[in-house]
Amino acid sequence: MSSHSAPVPLTLAADGPLAGSTAVPGDKSISHRSLMLGALAVGETRVTGLLEGEDVLATAAAMRAMGADVVREAAGSWSIHGVGVGGLLQPETALDMGNSGTSTRLLMGLVASHPITATFIGDASLSKRPMGRVIEPLGLMGARFAASPGGRLPLTMTGLCPAVPLEYRLPVASAQVKSAILLAGLNTPGETTVIEPIATRDHSERMLAGFGAAIRVEPGDDGARRITITGEATLRPQTITVPGDPSSAAFPLVAALIVPGSAITIANVGINPTRAGLIGVLQAMGADITLANRRDVGGEPVADLIVRASALTGIEVPPEVAPSMIDEYPILFVAAACAQGTTVMRGLDELRVKESDRIAVMAAGLTACGVTVEELPDGLIVHGRDAIPGGATVAAHLDHRIAMSFAILGLITRAPVTIDDARPIATSFPNFVTMMLALGARQIP
Ligand code: S3P
C-alpha cells in the first residue's frame with residue numbers, strides 16, 4: 001500500500017441473501033513459506049495458488065534482494081530458483097516489510113544464521129509491533145541487533161555463521177517465533193529445538209519436512225511439542241499447490257451466517273486443525289456449516305465449506321482454542337454481535353499486538369455501531385442483539401482484518417457502516433470486495 005495515496009473508504013450492504021459458490025485466495029502463511037523455502041532450495045520450486053497480497057509480495061521482494069530468482073509466470077503461478085541454505089546474499093537496500101509481521105519475523109530468522117547484515121523497515125502499524133520476541137532467541141544463536149526503542153522497526157541485524165544451536169521454550173504461543181528459530185536452525189550446525197507449550201499453526205514443520213529437512217516433532221512435558229531441526233540442511237525444490245486461506249474464508253463464511261436466507265459454498269479452504277478453530281466455535285454457536293469433499297492438497301487438509309444462514313447463540317469460547325483461530329477473533333466478534341445472548345472470549349492477550357490492538361479497536365467500532373461490549377485485559381464480552389443500528393464510520397487502524405470485519409457487519413446493520421480506509425485489505429485479500437459483490441453484496445459509493 002502506498003503511504004502517499006489517499007485513504008479509500010468502503011461501505012458494503014446486502015439487500016437480500018448471499019448466494020453462489022466462491023473461492024478465496026491462497027493461504028498467506030503457506031505462501032510466505034513457499035517463497036522462503038523455495039529461495040533456500042537448490043533448483044526450481046514451482047508454486048500455484050500463491051496469494052498475491054502485499055504481505056506476500058514483500059516476502060518475494062526480500063528473497064530477490066537476497067539473491068533468489070523469484071518470477072511470477074501467471075496469476076498465482078510462481079517459479080523460484082533458490083540459492084541454497086547458507087547462500088543468501090546481503091541485501092543492498094533496506095528490506096521493506098510493509099504491514100507484514102510474518103515476513104519480518106521469519107526473515108529475521110533466516111538472516112540470523114547467514115553472514116549478512118540487513119535492515120528491516122515497515123509501515124506505521126508494523127513499526128509499533130514487538131520484535132523482542134524474535135530478537136531474544138536469535139540473539140542467543142549469535143545474531144546482533146540494533147533496534148528502535150522497545151525492540152521495534154526500523155531494525156538492523158547481523159547474522160552469525162556458523163550460528164549457535166539453541167533449545168528454546170516459547171514464552172508466547174507464536175508460530176512466527178517458532179518459525180523464525182527453525183529457519184535460523186536450517187543453517188546452524190547441530191540440532192536446534194523449539195518447545196511450544198501450546199500448539200500453533202504447523203505449516204513450517206510440514207513444509208520443512210516436504211522440502212527434505214531433517215525435522216522431528218516429539219511430545220514434551222505437559223502436552224508441549226518439541227520440534228527439532230538438524231542444521232546445515234540441503235533443501236530439495238518442491239511443487240506446491242497453496243490451499244485457500246481459512247482466515248480469508250472466515251469473512252464470507254460469517255457473512256453467509258448472518259445475512260438472512262443466505263446459502264453459499266466456499267471451495268478449497270484449508271482446514272488444518274491448527275488453523276480451523278473458528279469452524280468448531282461457530283458450530284457450537286449453532287452455525288450450519290458442512291465440510292464437503294475433504295481431501296489433501298500438498299500435505300494440507302482441505303474441504304469445501306457449505307454455509308447456510310443460521311440463528312447463532314452466544315457461548316463461552318474456550319481460551320485453549322485461541323491459537324487455532326487467532327486471526328479470526330475480529331470476525332467472531334461480529335458473529336457474536338449478531339448472536340442471541342452473550343459471548344465471552346478470553347485468553348486473547350496476543351490480539352493486542354497484531355496489526356492493531358484488535359480488542360480495543362473492535363470494541364470501539366462495535367460500540368460505535370450500537371453493540372454493547374465489555375473489554376477485558378485479555379478478551380471481549382459481546383452482548384448480541386437484533387437490529388444492530390450501525391450508522392458509524394469505523395477506523396481500521398491499518399488492519400486488514402478490522403476493515404473486512406466491519407464491512408461484513410455493515411451487511412446487516414440498519415444504517416450503513418463505513419470503513420475509513422480499506423486499502424489494508426490488499427495485504428491479505430486483494431479481491432475481497434469483488435468476491436463479496438459476486439455473492440450478492442452491494443457497494444455503497
Ligand atoms: C502467522 C502466525 C500468527 C498469525 C499471523 C501469521 C504465521 O502470528 O497471527 O497472521 O504465518 O506464522 P503469531 O505468530 O504472532 O501468533
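All ligand and atom numbering here is 1-based and tracks the order in the structure. Excluded from the calculations below are hydrogen atoms, water molecules and symmetry mates; all remaining heavy atoms, backbone and side chain alike, are included.
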Checking heavy atoms under 4.0 Å, the part of H203 that sits near ligand 1 is neither

Starting from atom 12 (O) of ligand 1, locate the nearest protein heavy atom and write down its residue, its atom name and how far away it is, to 0.1 Å. R33 NH2, 2.7 Å

Under 4.0 Å between a side-chain nitrogen and a carboxylate oxygen: does that hold for E320 and R346? no

Which residue and atom name correspond to the protein heavy atom nearest atom 14 (O) of ligand 1, and how close is it? S174 OG, 2.6 Å

Whether D245 and R275 form a salt bridge (side-chain N of Lys/Arg under 4.0 Å from carboxylate O of Asp/Glu) is what I want to check. yes

Within the structure, does L106 bring an N/O atom to less than 3.5 angstrom of an N/O atom in ligand 1? no

Could you check atom 4 (C) of ligand 1 against the protein and tell me its nearest heavy-atom contact, residue, atom and distance included? D327 OD2, 3.3 Å

Salt-bridged, R295 to D304, with N to O below 4.0 Å? yes

Charged N to carboxylate O below 4.0 Å: is that the case for E350 and R133? yes

So does E52 pair up with R72, basic N to acidic O under 4.0 Å? yes

Test your reading of the structure: does Q176 have an N or O sitting under 3.5 Å from an N or O of ligand 1? yes

Starting from atom 6 (C) of ligand 1, which protein heavy atom do you reach first, and at what distance in Å? T102 OG1, 3.4 Å

Tell me whether K128 is salt-bridged to D357, with the criterion being a basic N under 4.0 Å from an acidic carboxylate O. no

Closest to atom 16 (O) of ligand 1 (judged by heavy-atom distance), picking from H32, K354, K178: K354

